[in-house]
Amino acid sequence: MSLLQLNPPQRAAIMSLDGPLLVLAGAGSGKTRVITQKIEYLIREGNYDARNIAAITFTNKAAREMLERVGKLMNSRELKGITVSTFHSLGMQLLRQEAPHLGYKPQFSILDSYDAAKIISDVLKTTHKDEVRKVQSRISLWKNELLGPDAAIVQADNEFDRICAMTYASYQTTLTAYQAMDFDDLIRFPVELFLSNAEVLQKWQHKLRYLLIDEYQDTNTCQYQLVKLLTGARGMFTAVGDDDQSIYAWRGANMENLRLLQHDFPRLKVIKLEQNYRSTARILRAANSVISNNPKLFEKQLWSELGLGEPLHVVQCKDEEHEADVVVQRLLAHKFEHRTEFKDYAILYRGNYQARIFEQALRNQRIPYQMAGGQSFFDKPEIKDVLSYLRLIANPDDDPAFIRALTTPKRGVGATTLERLGAWAGQRGNSLFAAAHEEGFQLQVGAAQLAPLQDFCRFIVNLEYRATREPAGELVMEMLKAIGFEAWLYDSEDSQRAAEVKWKNVMDLVAWLQKKGEADGKNLIELSQTIALITMLEGRDEGEVDAVKMSTLHASKGLEYPHVFLIGCEEGILPHSESVDNGMVEEERRLMYVGITRAQRSLTLTYCVKRRRAGEWLFVEPSRFIGEINGDDIRHFGKPGAEPIVSKREGKSKLASLMASLDSKVQKPEE
DNA sequence: GTAGAGTCGGTTTTT
DNA sequence: CCGACTCTAC
C-alpha cells in the first residue's frame, strides 16, 4: 500500500531482496520506516515466513518500537514467530538452548556490569572504582574482539594489559564456576559455538534466513562475526547504518565493519538515503558543517525540504545553576509564545550527572519531565534485591546472587562469615551455596552465624522445589512476606514516601511476573532466566505523557524532538576531556552531530563560563564544536556585546519571577 | 561479629 | 548528590 509514499532510494532498499544490502541512512532519513516496511515486503512479496526473519537492534527500546511499528503494518498472525530483538537477547535465546555445548547449564545466570565489576575487584583486590572500570572495559574489548584469556595474555605487550589479561583469566574462571555470563559472553559464546560446531551453526542458519541489522555502524567485531556466520554464503541481509552516527567505539564498536562488509560480500549493494524528513535546513547545515571536520568513510550530503528555519541559539551562562535556570526560563517563554506542549521539548546532555541540577530546576517550576536512558526498572536496588532471590532459585551456584539475597534483608550473617565461606568455597572449587552445606566449613563458624545461614539455604531449596510447581506471582509474594521485605523497606528507608515508591516497584514486578507467567505458561525459574535482558517498563507510553524529555546524547540516538536544548557545550564535557586525551575527538564530534540532528525545528546550545568540578570552581571554554558551525546560522545570547539572555518579555516580569521563586519556597513540599 | 550511622571524595557514554 | 570507608553500639 505504502510503497508509493517512499522516495526512490527508500523503495529500492525495500525491494532489494536478492543479496547483501547496505543502506547508508543519514539522520532522519526514514531508516526505521525502511526496516519495518521491508519486513512487510519480505513476508508479503518475498515469500518469507516471519519465523525466518530476524531484525536486530542495539537497545530494547528500539526493538520494542520496531515491533510496534511493524505491528501497525501487519497482523499478529502474519508476524508470528518473528525475531525482533537486540544482539544480546538473541544471543541469550540461542544460549538457553545450546549452553550444554559450552559446558554451561541452560539455567546459567547473567551478570550485570555491577556484579561483574565486583568479581573483578575481588580478583584485583582493589576497591578503587576507577581501576576496576578500566580493567573491566579492557577485558570487555578483548571479548568483543573474540580473544579469550589465553590469547589476551599472548597479546598483552605492556604492564597494564598483562595485569588485565591475568585478571581476565581468573574472572572467566569465576564466571564459569558461578555458571554465569556477562553481557559480552552472550554474543561471544554463540560465535565460538558456531565456529566449533557446524551442526549447530547450520541449524541456526536454517532458522534465521533473512537478517536486518539496525545501527550497523555500532557493531563490534564479535557482533559482525555473528551476523556473518548466520547469513553464511547466502548473504541474505540488510544492514542499515550511518558512519557519522557511530558513537560506541569505546565499547568496541568498529566503524571499519562498514568497509569490511564490502570486502567480505563483493556482491554488496549500497544505497544511500540522503533526504532528511526531520529538521530545518539551518539545523541540517549546522550538523553537516560540524561533521565535515571528520574524515569521511562514505560521501553523503543531507538535505531537507522543510524550509530554512530559525538560526540556532547559543547561550552563555555564568555557571551550571544559571544554565539550568536559563534553559527552564527560555523553555517556558518559548512554550508560551509558540503555544507548544512540554513534550515538544528535550534537554540533551553528555553525562547523566548533568541531569540532576536540571531536574531540580524543572521541579521548582513544576514542569513535568521524563528521563530516558538513565536507570532502567531492573536496575533499581529494590528490584535487584528481589531478582537476586529469583536468580539464586534458578541457579544456586550464582554466588553474587547468593551474597545479595543472603544479606538483604540482614539476617545476622555478615562480612566475616561470608569471607570464611568464600575461602572455603574457593579452596574446594565450590559455589558458596554448596560450601555452606559442608561440615568442614560449618565447624568454623559459631552457632549464632550458622543457624541463620542454614535457615536461608533451606528456604531457598524449598522455593526451588516449589518454583516449578506453583504460579510464579503468588510464590514470590509469599517469599516476600516470609523475608519481611516490605517491613524491611520501611525500616531502612528514611522517608515513608521513598519506601512506598520502592514497595510499589516491587509490586509492579510481582504483577508482571504473574501476568507473564500466565500468558506464556512459564514458571518462576523460566521467567527469571529471561528477565536479565527484558525491560518491562522501558519506553512505556512515552510521547503520550506531556512532559519534557531528558536524555543523554547516547540514549537520544534514533529519537527526534521539535525543540532541543543541548546543554554543557564545553571543552571537557563535549568533547569530554578523557576523549580528548585519548585522541577520540572525532567520536565526540559525531556525538555532537547526533545531538544536533535530533532537533526538528529549533535548537539551543548552552555552555557555562565556570563550573564546579570536584569541589572546585573551574573556568571553562565553550566547545570547539560551536566554532565549527557557520556563524550566520547562530544567534548568541548572554555574551558581552551579544543579546541579553532574558528577552524583553521576560525582563519585564522580574518581579513575577521573584514572586515565583518566593512562591516555591513557601509551598516547599515535604520532600 | 554484625548492623547502621556518619563522613569524605568524585563524576562518560550502555547492553 | 551517590557510594565507599570508618566508627560505634549492640
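Quick note: numbers below take in every heavy atom, side chains included, and nothing from hydrogens, waters or symmetry partners. Predicted, not measured: the structure shown is a model, and the values here were computed from it.
A close approach under 4.0 Å does occur between a side-chain nitrogen or oxygen of A/R420 and OP1 or OP2 of B/dG1. OP1 or OP2 of B/dT13 has not a single side-chain nitrogen or oxygen of A/S579 nearer than 4.0 Å. For A/T59 and B/dT14, the shortest distance from a side-chain N or O to OP1 or OP2 is not below 4.0 Å. Under 4.0 angstrom from either OP1 or OP2 of B/dT14 there lies no side-chain N or O belonging to A/S113. For A/N60, no side-chain nitrogen or oxygen approaches OP1 or OP2 of B/dT15 to under 4.0 Å.
Atom pair A/Y349:OH and B/dT13:P shows a separation of 10 Å (rounding to whole Å applied). Separating the CD1 atom of A/I247 from the P atom of B/dT13 is a distance of 12 Å, rounded to the nearest angstrom. Here C/dA4 presents its P atom at 6 Å from NZ of A/K129, a figure rounded to the nearest Å. What separates CG of A/L94 from P of B/dT15 is a distance of 21 Å, to the nearest Å. In this structure, the CG atom of A/D185 is 13 Å from the C1' atom of B/dT15, given to the nearest Å. Atom pair A/R590:CZ and B/dT13:C1' shows a separation of 13 Å (rounding to whole Å applied). For the pair A/Q354 CD and B/dT12 C1', the interatomic distance rounds to 9 Å; values are reported in whole Å.
Taking atom C1' in both C/dT6 and B/dT11, one finds a spacing of 23 Å when rounded to whole Å. The separation of B/dG10 from C/dC7, taken at their C1' atoms, amounts to 22 Å, rounded to a whole angstrom. Rounded to whole Å, the separation between the P atoms of B/dT13 and C/dA4 comes to 16 Å.
More than 12 heavy atoms of other residues, nucleotides or ligands lie within 6.0 Å of NZ in A/K384, so this atom counts as buried by the packing criterion.
Nucleic acid contact for A/F87: none, since no nucleic acid atom lies under 4.0 Å from a heavy atom of the residue. A/Q449 comes within contact range of the sugar-phosphate backbone alone, with a heavy-atom separation under 4.0 Å but no base atom that close. Using a 4.0 Å heavy-atom cutoff across all strands shown, A/R411 reaches sugar-phosphate atoms only and no base atom. A/S577 comes within 4.0 angstrom of nothing in the nucleic acid, heavy atoms only. Among the heavy atoms of the strands lying under 4.0 Å from A/A415 are primed sugar atoms or P, OP1, OP2 only; no base atom is included.
For A/R96 and A/F108, the positive end sits near the middle of the six-membered ring, less than 6.0 Å away and at most 45° from its axis. Figure legend: cation-pi geometry between A/R590 and A/Y593 absent, as NZ or CZ is not positioned both under 6.0 Å from the six-membered ring centre and within 45° of its axis. Taking the centre and axis of the six-membered ring of A/W424, the NZ or CZ atom of A/R420 falls outside the cone set by 45° and 6.0 Å.
Side chain of A/K410, nearest nucleotide from B/dA3, B/dT12, B/dT14: B/dA3. Looking at the side chain of A/H576, the nearest of the listed nucleotides B/dT14, B/dT12, B/dT15 is B/dT12. Nearest nucleotide to the side chain of A/T416, out of C/dA4, B/dG1, B/dT15: B/dG1.
Judged by closest nucleotide on DNA chain B, A/R356 is the one of A/R356 and A/S89 placed further toward the 5' end.
For the salt bridge (charged side-chain N to carboxylate O under 4.0 Å, His left out) test with A/R611, the passing option among A/E323, A/E621, A/E571 is A/E323; the others fail.
Salt-bridge check for A/K134 with A/D130: passed, with a basic side-chain N closer than 4.0 Å to an acidic carboxylate O.
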